[in-house]
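Working notes, beginning with the structure itself.
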Amino acid sequence: MRQAGRTAATILDRLCNLVKPGMSTWEIDQSGGELMKDFGVKSACKGYRSGHRIFPSYTCLSVNNEVVHGIGVKERILKEGDIISVDVCIREAGFIGDNCRTIPVGKIASEVEHLLRVTEESLFLGIQQAVHKNRVGDVSAAVQKHIESSGFAIITNFVGHGVGRSLHEDPQIPNFGRSGTGMKFRKGMAICIEPMVNMRSPQIKMAPDGWTALAVDGLPSAHFEHTVLVDEDEAEIITVPDGYDCAKKFFAEELPA
Ligand code: MF3
Ligand code: CO
């Protein structure tokens with residue numbers, strides 16, 4: 001799991017560094033596919049089935065009001081002021097690593113910067129709760145509290161998940177709920193925590209491509225995800241790129257109380 005997490009994070013980091021105005025999401029996805037080949041790993045998105053639909057791209061690339069599961073396409077050209085969620089999910093030696101980050105394309109509006117910051121903060125606040133003998137609801141409540149107190153809207157149609165040899169394992173990890181409820185965590189469990197947050201309305205609809213979830217009000221949406229291992233005192237974030245020893249390198253150290 002640690003190796004898969006490291007590779008997933010390294011690829012995510014490389015892709016985020018490529019993002020520039022004028023690029024298409026197809027180009028980013030192609031680079032994702034090449035990196036996966038270089039690392040000797042497989043995409044866990046490409047070929048993913050939902051009913052009769054099969055996900056077509058290596059990564060999920062969701063721009064602005066696209067919430068999750070966007071497909072890399074040639075027509076989608078990034079421009080200054082956009083945001084893009086880059087979701088990299090791979091299988092390495094039988095195990096899954098899954099992580100996502102929403103990043104600015106050039107300079108973005110300050111309220112959108114705030115949306116990104118609050119969403120990432122809520123992820124880290126959730127991770128702090130993923131310890132032995134806590135419950136799923138402790139993670140959910142921590143995420144929900146931070147998002148709602150910031151005036152943003154939690155998307156409830158999608159949830160985090162257990163992870164291991166399969167991408168989506170039990171338990172579900174919702175981004176809303178009550179502390180003290182739900183399944184108890186045990187040391188060694190692997191989970192993906194992934195808050196998805198809209199600017200104002202939580203309502204989403206499906207795009208005509210059958211995969212991309214869209215914020216109905218057209219406002220930007222953010223998504224941050226790590227794969228973590230539950231432990232006694234502190235969860236271990238395993239989606240940390242090669243050469244880093246700590247995911248917090250990506251994050252302003254102080255968390256809100
Ligand atoms: N990180 C996403 C998730 O946990 C990856 C989805 S793969 C897709 O759901 F094929 F469904 F897009
Ligand atoms: Co996930």
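Order of listing sets the numbers, starting from 1, for every ligand and every atom in it. Computed over heavy atoms, backbone and side chain alike; hydrogens, waters and symmetry mates excluded. Everything numeric in this text was worked out from a predicted model, so none of it was measured.
Residue Trp211 places no N or O, backbone or side chain, under 3.5 Å from any N or O of ligand 1. Residue His223 has no nitrogen or oxygen atom sitting less than 3.5 Å from a nitrogen or oxygen atom of ligand 1, judged on distance alone.
The cluster map of Ile, Leu, Val, Met, Phe, Trp and Tyr, joined by side-chain heavy atoms under 4.5 Å apart, puts Val67 and Trp211 in different clusters. When the side chains of ILVMFWY residues are joined at heavy-atom separations under 4.5 Å, either directly or via intervening members, Ile191 and Val136 end up in a single hydrophobic cluster.
Within the coordination shell of the Co ion (ligand 2), defined by N, O or S atoms under 2.8 Å, Asp98 is present. The Co ion (ligand 2) has an N, O or S atom of His161 under 2.8 Å away, backbone or side chain.
For Arg165, the CZ atom counts as loosely surrounded, since its 6.0 Å shell holds 12 or fewer non-hydrogen atoms of other residues, nucleotides or ligands.
Of all atoms in ligand 1, listed by their number and element, those nearer than 4.0 Å to a heavy atom of His161 are 4 (O). Atoms of ligand 1 lying under 4.0 Å from any heavy atom of Glu225, numbered from 1 in the order shown and given with element: 1 (N).
Given atom 6 (C) of ligand 1, the protein heavy atom at minimum distance is His69 NE2, 3.7 Å. Nearest protein heavy-atom contact of atom 2 (C) of ligand 1 is Asp87 OD2, 3.3 Å. Atom 9 (O) of ligand 1 has its closest protein heavy atom at His168 NE2, 2.9 Å. Of all protein heavy atoms, the one lying nearest to atom 12 (F) of ligand 1 is Cys60 SG, 3.1 Å. Regarding atom 10 (F) of ligand 1, its nearest protein heavy-atom neighbour is Tyr48 CB, 3.2 Å.
A salt bridge between Arg200 and Asp217 is absent, with no side-chain N of the basic residue lying under 4.0 Å from a carboxylate O of the acidic one. Residues Arg135 and Asp138 are not paired through a salt bridge, judged by the lack of any N-O separation under 4.0 Å between the basic side chain and the carboxylate. We find that Arg101 and Asp13 are joined by a salt bridge, their nearest charged nitrogen and carboxylate oxygen being less than 4.0 Å apart.
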- Task: Apply the test side chain to side chain contact (heavy atoms under 4.5 Å, CB included) to residues Ile71 and Arg76: give CA-CA distance (whole Å), side-chain angles for both, the deciding distance (0.1 Å), then the verdict.
- Result: CA-CA 10 Å; Ile71 297 165; Arg76 188 79 202 219; over 6 Å; no

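When the N, O or S atoms of Glu194 are ranked by distance to the Co ion (ligand 2), OE2 comes first. Atom OE2 is the N, O or S atom of Glu225 at the shortest distance from the Co ion (ligand 2).
Partner of His223 under the side chain to side chain donor-acceptor pair (under 3.5 Å) criterion, out of Glu194, Glu66, Glu120: Glu194 alone.
Between Cys192 and ligand 1 there is no heavy-atom distance shorter than 4.0 Å.
Side-chain atoms of Ile173 and Val159, non-hydrogen and from C-beta on, never get closer than 4.5 Å to each other.
Contact annotation: for Cys45 versus ligand 1, heavy atoms closer than 4.0 Å belong to both the backbone and the side chain. At a 4.0 Å heavy-atom cut-off, ligand 1 does not touch Lys46 at all.
Aromatic rings from His146 and Phe124 are positioned such that their centres are separated by 6.0 Å or more.
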